[in-house]
**Student:** 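Take this structure first; my questions come after.
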Amino acid sequence: VSAAACISCVAGKSSGSGASECSNCDAGKFSGGGAATCSSCAAGNYQSKSGQSSCKSCTQGRYSSSTGASSCQEAAPGYYCADVGMTTSYSCSSDEGGEYTSSNGASTCDKCVSSYYMNAGECVKKENGVDSSVGDTTLSTMWITQGFYRLSSTSTHVYECPYPANCVGQRYDDSYMNKSSLYMNRSSLVGDELCSKGSEGPLCTVCSPGYFMDTHHDGGAKCVECDTTKLPWSTWAMVALFVVAALAGLAAAVFKLQDARKRFRGFVRSNHDSLGRLSDTFTVAWVTMQTLVLVVQNHKDSGGEDAPNLYMDWLSNFDGIVTFEFLAIFPGTDCLYKGYIWSLMGKTLAAMAFTAICLALYYYKKRSGDKMAWRVLKKLVWVSKLLLPAISLTISRTFRCNVYDEDESTEIKVLLVDQSVDCDSSDYQLIFVYAIIMVVLFPVGVPLIWLIKLHALRERFEATGKVQGVTRETLKDATASDSDLAPHLNDKNDDHDRASSSKMVVDMEDPVLSDSPLQSLFRGIKPRYAAYYEVFDMTRRLALTCGTMVADSLAGFVLFSLSVAMLSLLAHTQLLPFDTHLMDNMNSVAHWQVLIALVVLLIRDASMFEDTEYEIVGLVLIATNLLMLCMLLIPVVPQLRAEINKVIDGGKTAMTKRRRQTMAQLSSIPGVHVLENPSFRGSQGGHEGRAEAKDRSMAAEVEMSEVPDRSGTNPLNVDIEVEVEVDASYVEGETGGIEGPAMGFNPMHAAADRRGSGAGGGVMGAV
């Protein structure tokens, strides 16, 4: 054709010189109208069809790195293409951070690596307790592992369960080869869905109706069914012990056991000082173990680490008894009653009822003229001294609430000690008011009453002070001058107090102090400190057990408790308030134990102990506890042993004396003659015989010339029986004896059995 007849190629086609027709541009190329050749698509663009007049830009998530591309490549996992027409993909780890990743063809880093989860477009580190074996996790698809808890699918917090056996976690079928597909097909379990059967509530800490918390469960504390066949053996053992004790008490009340009671009271009176010291050392040991148990519990409640496992097992032997927690003593009793309210009401009402009974009994005995009525109040004061911190701790736990999912839509606020109680409910408000009243009565009221009563005795403490075993009147004799007495009578002479083994003590023979119900609060304390030291020590105990509940953080707990422990140790070291070195040393050991335990817990919180080292420290703590418990026996063992030997020797002497008296009375019976230091001689005629009275303490020979018959009466009203054994080999009459069994002869009834006949009959008998 002529040049004038040539036709231009349309867009998307091209032709060379002299071509008879236009050709379509290949995929990846384009052309405009009248183009002699097709142009390749630029990088970042593509054209998948032929005969096209233009190229398309790669969409987000795709790129083309070369010209003439017929398609764009998807961004590989871990890479992304944020814009259109990109010639290369960007790395998520380089641009966003190592926690970010992406799927194929992603325009953004929309996923997180396995140890992170996606929340509102950001990767957040998975908390401990979230399954981190699979990536591509979002807030709503997180799986919770065993021993942990999550309130809802929108919760960002995961909590460690205090009873791991109750928190079973997300349960999945191990037959799945690909957990990712399971994540996609199953939602995350939350709330009670994470709890084992029989448990519910926040952190699975609440046992459902018909279940109780078995602290002796093999896999750890767990809610188990209330079935008597499933109760731990320790519960039955404690029940049996209490039943036996109750039956013994009932038997004592019915049969009155007057003789045993008199002997016991006599023993107590004769060993009053030693038993008093034993009571004092026992009280120190009780107080120390109680403080340690409660401090370790409070530290855990404040978010701290547990004490060493060995030490926790050791303390568990005292828990329940020193803390007045019946659930710890009798596992399974919460099948009968549940919840903190029962514990609070039970302890406080029981304490008030016991106090009312003691006061009523005291006034009744006082009106009846019983001079020993004050002893009832003495027991009340001693019991309150032992149990006040435990009761006060139960009261103070009312004010400690835990907040879960704070500042989130799922936020809840529950009582720490009983997480079934909502701290925002009206029921809790009633408990709160009741607890305030109990605070006034117990941790505030009781020490205040003690202080007022002891202060009233202050002048008498100082006026009746004496050097151990020596009264002021004894010192003030004609041979002693005032200057000689000064070191002894001036209790303010600290140098003399420390240098001398004789310390000033309260005169317990004072008529007012000897009948004071407050004896357990000042006995064994120097007069100078007797009016306030026990109140000071109770304040220390309450501060370490109840005061720490005020701290709302672990740091606050540690700071407060360490301050109290160090200041109280310093005060004790400077004052040395007790009248014996033993009590001062024992209380020093007690103070040091509390301080060391707190330091050990602090170091553990700072992760400065390895597990093995931590358990070794636990053994050291147990050793210090045992040292203190061994010190209990120091003041009493030697004296008690001497007293026991004295009682035994005295009993032997009394028995020998009484037997001699009995033998003397036997000789007054007609026909019976008692001979001491017998020598065996042959019998000559008549009904005469010889018998040896064999006894541990003496031997007697009884000569029977005439034996009354059985109808005789007992002229003696004695209750000692002397046994006489006669060997048949030497009992022979003159005309021949008859051997046979021993004759029973009881001079108490003046009766005898005869064996033999005629003048030659032999006589054998036992008295």
**Student:** Please confirm whether the backbone N or O of Phe578 pairs with a side-chain atom of Asp584, one donor and one acceptor, at under 3.5 Å?
**Tutor:** yes

**Student:** Any Lys/Arg nitrogen of Lys413 or Asp422 sitting under 4.0 Å from an Asp/Glu carboxylate oxygen of the other?
**Tutor:** no

**Student:** If you measure SG to SG, does Cys223 sit under 2.5 Å from Cys204?
**Tutor:** no

**Student:** How would you list, by chain and number, every residue that makes a side-chain hydrogen bond (donor to acceptor under 3.5 Å, both in side chains) with Ser588, sequence neighbours excluded?
**Tutor:**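 His572.
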
**Student:** Are the side chains of Thr348 and Tyr434 in touch, meaning some heavy atoms are under 4.5 Å apart?
**Tutor:** yes

**Student:** Counting distance only, does the side-chain N/O of Glu127 pair as donor-acceptor with the main-chain N or O of Val158 below 3.5 Å?
**Tutor:** yes

**Student:** For the pair Ser516 (side chain) and Leu518 (backbone), establish whether a donor and an acceptor sit closer than 3.5 Å, ignoring hydrogens and angles.
**Tutor:**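 It does hold such a pair.
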
**Student:** Testing the 3.5 Å rule here: is there a donor-acceptor pair between the side chains of Thr288 and Thr291?
**Tutor:** no

**Student:** With distance as the sole test, does Glu200 use its side chain to make a donor-acceptor pair with the main-chain N or O of Ser208 at under 3.5 Å?
**Tutor:** no

**Student:** Could you work out, with side-chain hydrogen bond (donor to acceptor under 3.5 Å, both in side chains) as the rule, every residue matching Thr205, not counting sequence neighbours?
**Tutor:**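 Thr205 satisfies side-chain hydrogen bond (donor to acceptor under 3.5 Å, both in side chains) with no residue once adjacent residues are dropped.
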
**Student:** Does any donor atom in the side chain of Trp592 or Thr624 lie under 3.5 Å from an acceptor atom in the other side chain?
**Tutor:** no

**Student:** Apply salt bridge (charged side-chain N to carboxylate O under 4.0 Å, His left out) to the pair Asp280 and Arg523, showing each step before the final yes or no.
**Tutor:** CA-CA 8 Å; Asp280 293 340; Arg523 183 180 58 206; 3.0 Å; yes

**Student:** Quick one: list whatever passes ring-ring contact (aromatic ring centres under 6.0 Å, His included) with Phe442, sequence neighbours left out.
**Tutor:**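 None.
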
**Student:** Residues two or more places apart in sequence or in another chain: which of them pass ring-ring contact (aromatic ring centres under 6.0 Å, His included) with Tyr404?
**Tutor:**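 If we apply the ring-ring contact (aromatic ring centres under 6.0 Å, His included) test to Tyr404, skipping adjacent residues, the hits are Tyr159.
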
**Student:** Ring of Tyr340, cation from Arg397 - is the NZ or CZ under 6.0 Å from the centre and inside 45° of the axis?
**Tutor:**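 Arg397 over Tyr340 ring: no.
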
**Student:** Quick check: does any side chain N or O of Ser568 sit under 3.5 Å from a backbone N or O of Val564, one acting as donor and the other as acceptor?
**Tutor:**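 Yes, Ser568 side chain to Val564 backbone: donor-acceptor pair under 3.5 Å.
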
**Student:** Answer whether the closest heavy-atom distance between the side chains of Leu575 and Phe536 falls below 4.5 Å.
**Tutor:**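 No, side chains not in contact.
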
**Student:** Does Lys526 reach the main-chain N or O of Leu576 with its side chain, forming a donor-acceptor pair under 3.5 Å?
**Tutor:**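 It does hold such a pair.
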
**Student:** Does Asp306 have any salt bridge (charged side-chain N to carboxylate O under 4.0 Å, His left out) partners at least two apart in sequence or in another chain, and if so, which?
**Tutor:** Lys300

**Student:** Could I get the full list of side-chain hydrogen bond (donor to acceptor under 3.5 Å, both in side chains) partners for Ser561, not counting sequence neighbours?
**Tutor:** none

**Student:** List in chain and number order the residues that pass disulfide (SG to SG under 2.5 Å) with Cys161, two or more places apart in sequence or in another chain; answer none if no residue qualifies.
**Tutor:** Cys167

**Student:** Angle class for the Phe432/Tyr428 ring planes (parallel below 30°, perpendicular above 60°, tilted otherwise)?
**Tutor:** tilted

**Student:** Is a donor from one side chain sitting under 3.5 angstrom from an acceptor on the other, for Ser420 and Asp418?
**Tutor:**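 Side-chain D/A pair, Ser420 to Asp418: present.
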
**Student:** Salt-bridge test for Glu534 and Lys385: reply yes if a basic N is under 4.0 Å from a carboxylate O, no otherwise.
**Tutor:** yes

**Student:** To check you understand the geometry: which heavy-atom pair defines the closest contact between Leu542 and Pro443, and what is its length?
**Tutor:** CD1-O, 3.6 Å

**Student:** Any chance NZ of Lys378 has more than 12 other-residue heavy atoms, nucleotides or ligands included, within less than 6.0 Å?
**Tutor:** yes

**Student:** Between Thr394 and Lys347, is there a side-chain donor-acceptor contact under 3.5 Å, judged purely by atom types and distance?
**Tutor:** yes

**Student:** Begin from the C-alpha positions of Tyr533 and Phe522 and carry the test ring pair (Phe, Tyr, Trp, His ring centres under 6.0 Å) through to its verdict.
**Tutor:** CA-CA 8 Å; Tyr533 182 79; Phe522 60 76; over 10 Å; no

**Student:** Under the rule for side-chain hydrogen bond (donor to acceptor under 3.5 Å, both in side chains), what residues qualify as partners of Ser392, not counting sequence neighbours?
**Tutor:** none

**Student:** Taking salt bridge (charged side-chain N to carboxylate O under 4.0 Å, His left out) as the definition, give me every residue that meets it alongside Asp407, ordered by chain and number, with sequence neighbours left out.
**Tutor:** none

**Student:** Go through the steps for Leu570 and Met566 under the test side-chain contact (heavy atoms from CB on, under 4.5 Å), then give the verdict.
**Tutor:** CA-CA 6 Å; Leu570 177 62; Met566 288 189 292; over 6 Å; no

**Student:** Tell me, please, which residues at least two apart from Phe560 pass ring-ring contact (aromatic ring centres under 6.0 Å, His included).
**Tutor:** none

**Student:** For a quick check under 3.5 Å, do Asp131 and Thr145 share a side-chain donor-acceptor pair by atom type?
**Tutor:**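 Asp131 vs Thr145: no donor-acceptor pair found between side chains.
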
**Student:** I'd like to know if the side chain of Glu193 reaches the main chain of Val190, judged simply by a donor and an acceptor atom lying under 3.5 Å from each other, with no hydrogens or angles considered.
**Tutor:**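 Yes; judged by distance alone, with no hydrogens or angles, the pair exists.
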
**Student:** Under the ring-ring contact (aromatic ring centres under 6.0 Å, His included) test, which residues partner Tyr163, sequence neighbours left out?
**Tutor:**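 Here no residue qualifies.
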
**Student:** For Arg541, give me all partners under salt bridge (charged side-chain N to carboxylate O under 4.0 Å, His left out), at least two apart in sequence or on another chain.
**Tutor:**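 Arg541 satisfies salt bridge (charged side-chain N to carboxylate O under 4.0 Å, His left out) with no other residue.
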
**Student:** To the nearest 0.5 angstrom, please state how far the CH2 atom of Trp143 sits from the CZ atom of Arg150.
**Tutor:** 13.0 Å

**Student:** Between Ile412 and Pro202, is any pair of side-chain heavy atoms under 4.5 Å apart?
**Tutor:**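 When only atoms from C-beta onward are counted, Pro202 and Ile412 do touch, with a gap below 4.5 Å.
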
**Student:** Using modelled atom types only, decide if a donor and an acceptor are shared between the side chain of Asp605 and the backbone of Glu305 within a distance under 3.5 Å.
**Tutor:**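 Yes, Asp605 side chain to Glu305 backbone: donor-acceptor pair under 3.5 Å.
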
**Student:** Measure the shortest side-chain to side-chain distance between Tyr117 and Thr156 over non-hydrogen atoms and say whether it is less than 4.5 angstrom.
**Tutor:**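 The answer is yes, as the side chains (C-beta and beyond) meet within the 4.5 Å cut-off.
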
